[in-house]
Amino acid sequence: MTKITTENYVAEARKAIKNQVLQRALADLQHRFGRGTAECYRRLPEGPGLRLKAHEIRMKTVENLDVVLETLAANIRKNGGQVFFAKDGQAAVNYCLEIAQRHKVRRVVKGKSMVSEEIDLNDALIDSGIDVSETDLGEYIIQLAGETPSHIIAPAIHKTRDEVGSLFADKLDIPYENDPPRLTWIARKALREKFLAADMGTSGCNIACAETGHITTVSNEGNIRMSTTLPRVHIAIMGMERVAARLEDHDMLLRLLCRGAAAQNMATYVSYIGGPRSAHQADGPQEFHLVVLDNGRSRILADEQFREILCCIRCAACLNVCPVYAKIGGHSYGYAYCGPVGAVVTPLLVGINRAKDLCLGETLCGACQDICPVNINLPRMLLALRAKLAEGDTAWGVTPADRKEKFLFQAWSWMIRNRGLYDVAVKLAAMGQKLLTLKGGMIRRLPPPVHAWTKERDIRPLAAESFISRWKKGIR
Amino acid sequence: MSTTNQEEFINRIKMALGKPFAESRQKADLFSREMSAETRAILARIKNRTAEDRKKLLETFTEAAGSIHLTVRTCVDIAAVAAAIAEVVRHKDPEWGDKKRVVAWQHPLIESLNLPDALSEQGVPVFFSDVKAPERENLRQHVIDSYIGVTSADFCMADTATLVMRTRPGQARSVSLVPAIHIAVVELNRIIADLKELYALLKWDPQESKEGLTNCMTFISGPSKTADIEATMVHGAHGPREVHVFVIKHPGP
């Protein structure tokens, strides 16, 4: 993720909709994961209602984040780990570079982490002459192709087996083949060498545990275990909200995370990492660093309208049910976070005006909230963002996105509150519409200034006689 | 180097939450200081578990294992496990290179298998993850060279067919990770129902909580897998391609 390209949302979305391969992959993804996850919630002993309890726990943590983070840091230091609090992406990147330099690191293996995409860690490491390998199979494919992830959990969902086969043949200098098990084995072999040669491993953190002083990593492939076990140094980077206070909170959070992420009861690997190896241990990193990242999150925390988004545990369940994501794919969102969560969190992180199309593009259908393992009210926050775009907002530095629209709605509101005026307007419109061509009983194109309405859809014409006039005539 | 950073950072959060700087709040509400009635009941349930209950849990474990490609076999005693491992060694080929080698934990149960003897007939050497200094340094090369890693586990969670392993000297984490095949040997009395029981034990059981989570606690549920290419499920992405669990039914009285 090198550039923020949220401004290209509409153009990228158009491209994605025309891409047949992507459309098939997205439909398949939603079919399998969307339904599977809902079914998983139903089978929970506590039922889908567990999501509401998890929301409470997450919210309580977020509202006491100062205490929870201080506890986490103290406990990790007690276990021999080092903790760095980074105000922004630059501070986090600088800290990682400093550690890499201190340890004369030449090769880094990376476990999948969205927060490292957010702060653009890869490029910074590469620019300082370090060899960086993504190790999640999907991320590895994306890295070889020089692209960015298009899904939080399945980053290479937009690539076919043929494309991966050609890519591997080209980049790894091997004969072409396109069988997924063979391709996986080729990557297994190439990355095993990377794991064994790496000096430093980086990872994200799914949900830390404050009272014990551990971060957690969750994966199916085992790449994160490799990255955090074999190299001399391990740096974990976490968004400051990715923590739970108590160990028992992990019971429901972990179960819900696995179900939300991949419709699984449990991921293959979950690791609690609390510090470097001890004196008599034969493996594990000699140094363990945790970087806690703010990067705009405290600003979100300060706004009670949006605080709730910090409950998010980045499982990507909302992507798998969103009708908009299903059509436009992840790249259209133009930042590390896509889908409904991206539509809320990206504007808050990169600027509401800059990423306005993201929240305007969602349908507000509510599927994202229904599938969210921690029941985050995403539609409410999408509306709140839209309200800021309509009205402007000084605290967030938002300028009204479309003054013409605002003016039109003000005029409309004034008109519908004046009975006589309204009746005249309806009569005029009913007469005026006779000039428009109909197709299949629908108006294809409206004239300016409302022409945009019919750009992507048709509209039903007004009835020949209004309800109110029929009512007055006594037709019931 | 980071204390001032931390202060600024935490103060920003306090400001965001609208809390006065010096306000000291009750942590008791956030971090449970006393065992809840629910936890007490969980611990009692674990303590009073009968052989029959464990057998039922093993059935749940085996059922959950089926859907994640985890092989579970029940053996009557140590000797039967050693023989079963020898069979696995005989029938499986190394993934990298052609020499068969096995690496194992230095752990009472694993050592009692006497694997070096059981595998000597096939001429397969067994390396142990040593606690002592010069040998300890060789572990990395041993796990790279070995195609099978043998460990035990602290707990088996029936609900999800999960092995829970803490890290201790002699019980290196790479033994269950780098070799292509992972074999775990456990006694039936290490079986528990679910995460709730695990966390209750780790936090409140006098014996287990003394050690806590250790610096690395890993859950393993089946072999490594990926579905990153056209959503096709493939086992053996980076971690072991196969995981076998041998459960010893009658470890003694």
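Within every chain, numbering begins at 1; the chains are lettered A, B, ... in the order of the sequence lines, protein sequences first and strands thereafter.
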Residue part contacting chain B, namely of [X], when any heavy atom lies under 4.5 Å:
X: A/Ile157; answer: neither
X: A/Met240; answer: side chain
X: A/Ala279; answer: backbone
X: A/Asp249; answer: neither
X: A/Arg307; answer: side chain
X: A/Val62; answer: backbone
X: A/His151; answer: neither
X: A/Gln264; answer: side chain
X: A/Ala262; answer: neither
X: A/Leu196; answer: both
X: A/Ile215; answer: neither
X: A/Val164; answer: side chain

Q. Okay, side chain of A/Arg225, backbone of B/Arg173: is any donor-acceptor separation there less than 3.5 Å?
A.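 Confirmed, A/Arg225 side chain pairs with B/Arg173 backbone.
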Q | Under 3.5 Å: donor-acceptor pair, side chain of A/His214, backbone of B/Thr214 | A |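 Pair found, side chain donor or acceptor close to backbone of B/Thr214.
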Please determine, among [options], the option with the most heavy-atom pairs under 4.5 Å with chain B.
options: A/Ser278, A/Ala210, A/Ala86; answer: A/Ala86
options: A/Gly138, A/Gly275, A/Pro180; answer: A/Pro180
options: A/Ala245, A/Gly213, A/Ala156; answer: A/Ala245
options: A/Ala187, A/Gly222, A/Ser219, A/Pro181; answer: A/Pro181

For [X] and [Y], work out which heavy atoms get closest and say how close.
X: A/Arg192; Y: B/Ile144; answer: NH2-O, 3.1 Å
X: B/His238; Y: A/Thr135; answer: NE2-O, 2.7 Å
X: B/Gly222; Y: A/Thr268; answer: O-CG2, 3.3 Å
X: A/Ala282; Y: B/Arg136; answer: CB-CG, 3.5 Å
X: A/Arg32; Y: B/Ala231; answer: NH2-CB, 2.9 Å
X: B/Ser174; Y: A/Leu230; answer: CB-CD2, 4.5 Å

Show me the side-chain donor-acceptor pairs of residues 149-160 of chain B shorter than 3.5 Å, one per line, residues at least two apart or across chains.
unit_1: B/Thr151; atom_1: OG1; unit_2: B/His182; atom_2: NE2; d: 2.9
unit_1: B/Ser152; atom_1: OG; unit_2: B/Val185; atom_2: O; d: 2.7
unit_1: B/Asp154; atom_1: OD1; unit_2: B/Arg168; atom_2: NH1; d: 3.3
unit_1: B/Asp154; atom_1: OD1; unit_2: B/Arg168; atom_2: NH2; d: 2.5
unit_1: B/Asp154; atom_1: OD2; unit_2: B/Arg166; atom_2: N; d: 2.7
unit_1: B/Thr160; atom_1: OG1; unit_2: B/Thr162; atom_2: OG1; d: 2.6

[X] vs [Y] side-chain heavy atoms within contact, under 4.5 Å:
X: B/Arg140; Y: A/Asp283; answer: no
X: A/Thr160; Y: B/Glu230; answer: yes
X: B/Lys132; Y: A/His280; answer: no
X: A/Gln281; Y: B/Val131; answer: no
X: A/Asn64; Y: B/Phe31; answer: no
X: A/Ser298; Y: B/Phe9; answer: no

Is it the backbone or the side chain of [X] that comes under 4.5 Å from a heavy atom of chain A, or both, or neither?
X: B/Ser176; answer: both
X: B/Ile220; answer: both
X: B/Leu198; answer: neither
X: B/Val178; answer: both
X: B/Pro240; answer: both
X: B/Ser67; answer: neither

Q: With B/Leu213 as reference, evaluate A/Ile273, A/Asn79, A/Thr212 under the side-chain contact (heavy atoms from CB on, under 4.5 Å) test and give the passing residue.
A: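 That would be A/Thr212; it is the only one of A/Ile273, A/Asn79, A/Thr212 passing the side-chain contact (heavy atoms from CB on, under 4.5 Å) with B/Leu213.
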Q: Apply the side-chain contact (heavy atoms from CB on, under 4.5 Å) test between B/Ile229 and each candidate in A/Arg161, A/Lys159, A/Arg182; give the one that qualifies.
A: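 Looking at A/Arg161, A/Lys159, A/Arg182, the match for B/Ile229 under the side-chain contact (heavy atoms from CB on, under 4.5 Å) is A/Arg161.
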Q. A/Glu221 and B/Thr226: side-chain donor and acceptor closer than 3.5 Å?
A.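 Note: A/Glu221 and B/Thr226 side chains meet the donor-acceptor criterion.
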(Q) Just by distance, no angles: are the side chains of B/Trp204 and A/Glu248 close enough, under 3.5 Å, to form a donor-acceptor pair? (A)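 Checked: B/Trp204/A/Glu248 side chains show no N/O donor-acceptor pair below 3.5 Å.
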Drop me the distance from [X]'s [atom1] to [Y]'s [atom2], to the nearest 0.5 angstrom.
X: A/Glu70; Y: B/Ile10; atom1: CD; atom2: CD1; answer: 4.5 Å
X: B/Leu30; Y: A/Lys60; atom1: CG; atom2: NZ; answer: 5.5 Å
X: B/Thr167; Y: A/Tyr272; atom1: OG1; atom2: OH; answer: 14.0 Å
X: A/Asp66; Y: B/Ile13; atom1: CG; atom2: CD1; answer: 6.5 Å
X: B/Met217; Y: A/Thr216; atom1: CE; atom2: OG1; answer: 10.0 Å
X: B/Ser32; Y: A/Leu247; atom1: OG; atom2: CG; answer: 9.0 Å

Q | side chain to side chain contact (heavy atoms under 4.5 Å, CB included) evaluation trace for A/Tyr269 with B/Ser224 | A | CA-CA 8 Å; A/Tyr269 302 108; B/Ser224 153; 3.5 Å; yes
**Q.** Exceeds 12 heavy-atom contacts within 6.0 angstrom, atom CD of B/Glu38
**A.**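 Count not over threshold, so no.
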Q.
Could you walk me through whether A/Glu46 and B/Lys196 satisfy the salt bridge (charged side-chain N to carboxylate O under 4.0 Å, His left out) test, starting with their C-alpha distance in whole Å, then the side-chain angles of each, then the deciding distance to 0.1 Å, before giving a yes or no?
A. CA-CA 13 Å; A/Glu46 300 91 336; B/Lys196 269 196 188 65; 3.2 Å; yes
Q.
Check the orientation of B/Trp96 and A/Trp185. Use parallel for under 30°, tilted for 30 to 60°, and perpendicular for over 60°.
A.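 Ring orientation of B/Trp96 relative to A/Trp185: parallel.
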Q | Pair A/Tyr140-B/Asp228, side chain to side chain contact (heavy atoms under 4.5 Å, CB included): steps then yes or no | A | CA-CA 10 Å; A/Tyr140 178 64; B/Asp228 273 352; over 6 Å; no
Q) In terms of side-chain geometry, is the basic nitrogen of B/Arg12 or A/Asp294 positioned less than 4.0 Å from the acidic oxygen of its partner? A)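 A salt bridge links B/Arg12 with A/Asp294.
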